[in-house]
Amino acid sequence: MKFRFLMCFIAFLAICGVEKADACSRVLYVGDTTNTVNDSVLRIVGRSLDWKTPIPTNVYVYPRGMKKVSDNKPGAIEWVSKYGAVYAVSYDGGITEGMNEKGLVINGLFCKGTVYANAETEGRPPMSMAVFVGWLLDLNATTPEVVKVLKEQNFNISGATFDGGTVSALHWGITDAQGRSAILEFDHGKINIYEGQDIPMLTNDPQYPAMTAINDYWKKVNGVNFMPGTVKSPDRFVRGDFFQHHVEKTNDADLGLAITRSIMMNVSVPYLYAIETEPNVSSTQWRTYANIRDRLYYFDLVTNLGTYYIDLKKCDLRPGASVMKLDNSKSKDFIGDVTSKLEKHAPFTPMF
């Protein structure tokens, strides 16, 4: 039995050994669901952004009723936003994640090997990665609505390179106010969607089915006895999943945030962590927390002293209202509710 365990463990290491630790983690914390109406259950989506160099990211709040376009190529999709939303916009050019006023949250995480297009998708309307998340948040209130749009796949997605030629290879975690969740992945133009209630964890590659198989192995080992401890994507997935299943379940927003933050700290990579033999290793640059129930969007820059948040309920999301921006480069001393620090700003310019 010991030999079989050893061989399984060696096989696991072989799977993980090719992993380059260069991306992100997402965890969904769910509060106390016993004798509680679902709408009052606390749900917080925490995510970390890990990269080898800083990725400047600002927070934008967009109102309803804005006309937008999916790309600058001919035949692009045009739409008018039905819902206001808060976006995290990296390089002031692309939406990394966000939450809309209905409590729908979408997070984009790196997944190497992702291929968005094939011969069948090439003739479909162009969709820029820079606005893809915004398009879904603008027009949908729930995860089932998003899944319906994705299954129609009436678009051909592509993304600009960044940071010296890095390809925007992503997959997405989707969660709504009822906890209905989906993982979205592209495999050579084919969309794979994995649906479930309160899907707790997502990191990077391998793709979701293989990742859950790895996690199933570690569940049998039992994290009380032993857990993988590296910064590799499968290890972070296993740790995050184990801890979110073994923390107190509360509907108190402050306590729930503290619990979620502690889990995210455990799956984060120390700032400026470096190993000579792993040049592609990345450290956590920032973390966010989307309190779905209370529509609070927290930002946590690892170089800042405090965590601060935007209260989407206090924002003017009426059609015709101004786009608002929080410049995170000025946030060194921010802490707590910083909704009043939002400033009127022009819409960001997408990196088509």
Is there side-chain contact between Leu342 and Lys325, with heavy atoms separated by less than 4.5 Å? no
Please step through side-chain hydrogen bond (donor to acceptor under 3.5 Å, both in side chains) for the pair Asn215 and Asp241, ending with a clear verdict. CA-CA 8 Å; Asn215 193 44; Asp241 184 75; 3.1 Å; yes
Could you walk me through whether Asp138 and Trp79 satisfy the side-chain hydrogen bond (donor to acceptor under 3.5 Å, both in side chains) test, starting with their C-alpha distance in whole Å, then the side-chain angles of each, then the deciding distance to 0.1 Å, before giving a yes or no? CA-CA 9 Å; Asp138 287 355; Trp79 74 93; 3.0 Å; yes
Side chains of Asp50 and Thr284: do they bring a donor and an acceptor to under 3.5 Å? yes
For Asn291 and Arg43, does a side-chain donor sit closer than 3.5 Å to a side-chain acceptor? no
Min side-chain heavy-atom separation His171-Thr203 under 4.5 Å: no
Side chains of Ser81 and Arg64: any donor to acceptor distance under 3.5 Å? no
Got more than 12 heavy atoms from elsewhere within 6.0 Å of CG, Asn35? no
Is there a side-chain hydrogen bond (donor to acceptor under 3.5 Å, both in side chains) between Asp235 and Thr230? Walk through the geometry before answering. CA-CA 6 Å; Asp235 290 14; Thr230 78; 2.5 Å; yes
Please walk me through it: do Gln244 and Tyr29 pass side-chain contact (heavy atoms from CB on, under 4.5 Å)? CA-CA 6 Å; Gln244 69 83 28; Tyr29 173 81; 5.7 Å; no
Dump the intermediate steps for side-chain hydrogen bond (donor to acceptor under 3.5 Å, both in side chains) on Thr57 and Asn328, then the final yes or no. CA-CA 7 Å; Thr57 304; Asn328 278 325; over 6 Å; no
Before accepting this row, confirm whether a basic side-chain N of the pair Glu101/Lys314 lies closer than 4.0 Å to the acidic partner's carboxylate O. no
Any non-hydrogen side-chain atom of Ser233 less than 4.5 Å from a side-chain atom of Met211? yes
Would the number of heavy atoms belonging to other residues, nucleotides or ligands and lying under 6.0 Å from NZ of Lys219 be above 12? yes
For Lys313, does the NZ atom sit with more than 12 other heavy atoms under 6.0 Å from it, leaving out its own atoms? yes
Check this for me: Glu78, atom CD, are more than 12 non-hydrogen atoms of other residues, nucleotides or ligands nearer than 6.0 Å? no
I need the minimum non-hydrogen distance between Val224 and Phe242, along with the two atoms involved. N-CZ, 3.6 Å
Nearest heavy-atom contact between Ala290 and Met99 is CB-SD, 4.1 Å
Using 30° and 60° as the class boundaries, would you call the ring planes of Tyr60 and His345 parallel, tilted or perpendicular? perpendicular
Can you label the angle between the Tyr87 ring and the Tyr62 ring as parallel, tilted or perpendicular, going by 30° and 60°? tilted
Can you tell if the side chain of Asp254 reaches within under 4.5 Å of the side chain of Leu257, non-hydrogen atoms only? no
Would you tell me whether Thr339 and Asp337 have side-chain atoms, one donor and one acceptor, within less than 3.5 Å of each other? yes
Kindly indicate whether the side chain of Leu150, heavy atoms from C-beta on, has any atom under 4.5 Å from the side chain of Ile193. yes
Is it the case that the ring center of Tyr298 lies less than 6.0 angstrom away from the ring center of Tyr308? no
The test is side-chain contact (heavy atoms from CB on, under 4.5 Å); show your working for Val41 and Asp32 and say whether it passes. CA-CA 6 Å; Val41 174; Asp32 186 2; over 6 Å; no
If you compare all heavy atoms of Cys24 against all heavy atoms of Arg236, which two are closest, and at what distance to 0.1 Å? O-NH1, 2.9 Å
Residues at least two apart in sequence or cross-chain that pass ring-ring contact (aromatic ring centres under 6.0 Å, His included) with Phe352, listed by chain then number, are none
Decide if the gap between the ring center of Tyr297 and the ring center of Tyr309 is smaller than 6.0 angstrom. no
Heavy-atom count around Lys102 NZ within 6.0 Å, excluding the residue itself: above 12? no
Does the side chain of Glu97 come under 3.5 Å of the side chain of Thr288 through a donor N or O and an acceptor N or O? yes
Classify the ring geometry of Trp172 against Tyr116: parallel below 30°, tilted from 30° to 60°, perpendicular beyond 60°. tilted
Identify all side-chain donor-acceptor contacts of residues 258-276 below 3.5 Å with residues at least two apart in sequence or on another chain.
from: Thr260; atom 1: OG1; to: Gly256; atom 2: O; distance (Å): 2.8
from: Arg261; atom 1: NH2; to: Thr307; atom 2: OG1; distance (Å): 3.4
from: Ser262; atom 1: OG; to: Ile259; atom 2: O; distance (Å): 2.6
from: Asn266; atom 1: OD1; to: Arg239; atom 2: NE; distance (Å): 3.2
from: Ser268; atom 1: OG; to: Met264; atom 2: O; distance (Å): 2.6
from: Ser268; atom 1: OG; to: Arg287; atom 2: NH1; distance (Å): 3.0

Take the angle between the ring planes of Trp135 and Phe155 and call it parallel below 30°, perpendicular above 60°, tilted in between. perpendicular
Of the non-hydrogen atoms in Asn58 and Asp92, which two are nearest, and what is the gap between them? ND2-OD1, 3.1 Å
Exceeds 12 heavy-atom contacts within 6.0 angstrom, atom NZ of Lys341: no
Whether the Asn38 and Gln178 side chains hold a donor-acceptor pair (N or O, under 3.5 Å, no angle test) is what I'd like checked. yes
